[in-house]
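Order of appearance sets the numbers: ligands from 1, and atoms from 1 within every ligand. All values derive from a computational prediction rather than experimental measurement.
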Amino acid sequence: MEFNPFQRKFRKGEKRVALVYSNRYAGGVANIGLQQIYAEINEFAICERFYADVFDGLRSVETGTPLSEFDFALFSIQYENDCFKAVEILRKSNFKGIKIAGGPCVMENPRPLRRFFDAFFIGEVEGKLGEILSVKEAVELSGIEGIWTGREDRVKRVFSKIGKHLEKEIIAEGAYGRCFLIELGRGCVRKCSFCLVRQIYAPPRWRRVEDLPEVRDVGKVALIAPSPTDHPRFKEILQSFVERGLEVSPSSLRADALNEELVELLKAGNVKSITLAPETSSEKLSEILRKEISFEDLREAVEICAGKFEKLKLYYMVGIPGESIEDVRGIVEQAKELKSLIPRVEISVNPLVPKPHTPMQWFGFDKLEDLQKKINLLRVECVKAGIEFSQPNLREFVLQTIIARGDERAGDIFDGKSYRDFKYLLNPLDPEIELPWDFIDHHYKRDRLLREFEEIKSGLESRKESG
Ligand code: SF4
């Protein structure tokens, strides 16, 4: 059952805005960005939500009103694979109003979706909604800051300072459980070479403690940021919620940030399992990924956590440029060692997607046969070692790479064309050639990206030479 403090009755003549999340309700309702957009629109128009698994995305959660009756459809596309459902919802709903897409997937590269929407918003839309939703026709959107209709040569990402947090929210059973979502910050101070978040939410911005909300009528808070433990006052924030008797759920934890005090607070906040993302077992590959977490950091963190949590979950990647089968085997070796500290261990492995706007963008996606071998090896070794293993669906990652790196032609994939026709998008890219997403200005210099790419390449060369 939802608690919704924003819902209002529709009055004749009011503008109707559909906020569409083309994935599951649990993820959508736990998205703090969508909560903010919803709250803001409801101040001057009627906004209702649509989720892929509620009425198949065709009727609103609030009143069951069909999408076709709305004036605007704002789609938030978080993951590349959600594009399929977004296109399906548009088709089945017969929506005739103004269609705009936004979200990280759009900020990364909207070109494959171009033919399906009137416009795309590149950036953080809060503060711009009044202007966008005041247009009478789609053609008027062109020229609004952050809008790309396909006709502009360039678009600059919009971002703003983060100020006072929402005081009220929809409270529902979402991805973090039934809780109040607290956004601690945007962007990330780290420099992981594979990470899109670092690039498309820059610069890192923290919410001031004074701007955090009073949380009432709910027993749990989710602390959300790309890397929440990097908040300069994270411990103090955590402590203040725990002292008020609230359960806590941080969106992620960094191994090198954990210490006795923090772990005690997490335990007191009823955190049951600990999730860490070493990404690779190899020191050399870790340098390439710039994750800056060593196995020492990881072991020390797990030592502190031992006996306090029921489960340890570890995220790794495979398909990292220069990776050997020994590096992959090393994942299980690390997990085995950590299992002696926390007996229940799960490994989750995903292939590296060379994402646009990152220094990895010029590398290719690993060969499918090699990835399959690596995953098979991990599965077998995990079973032998009594480690839980969560394996990726390789086809989904291939699609993700194609949609992330394609131009307008890749839109055919949503019209039923086989992904096999786009396998060329899995290949390495030529740094001399302009890329489909180069028209988006994410406030970084291409030269800096190129320099980081060259550094990674020379790191790989020296790895080869040292055998
Ligand atoms: S992977 Fe995590 S820590 Fe690294 S830059 Fe991205 S958000 Fe930050």
Would you call the rings of Phe120 and Trp148 parallel, tilted or perpendicular, taking 30° and 60° as the class edges?
tilted
Which ligand 1 atoms, with their elements, are less than 4.0 angstrom from a heavy-atom of Cys195?
1 (S), 5 (S), 6 (Fe), 7 (S)
Can you label the angle between the Phe453 ring and the Trp362 ring as parallel, tilted or perpendicular, going by 30° and 60°?
tilted
Out of all atoms in ligand 1, which are within 4.0 Å of some heavy atom of Pro226? Include the element for each.
7 (S)
Pi-cation contact, Tyr38 with Arg49 (under 6.0 Å, within 45°)
yes
Should the pair Arg405 and Phe422 be classed as cation-pi, given the thresholds of under 6.0 Å to the six-membered ring centre and 45° from the axis?
no
Starting from atom 4 (Fe) of ligand 1, which protein heavy atom do you reach first, and at what distance in Å?
Cys192 SG, 2.3 Å
Tell me, which protein residue and heavy-atom name are nearest atom 8 (Fe) of ligand 1, and how many Å apart are they?
Cys188 SG, 2.2 Å
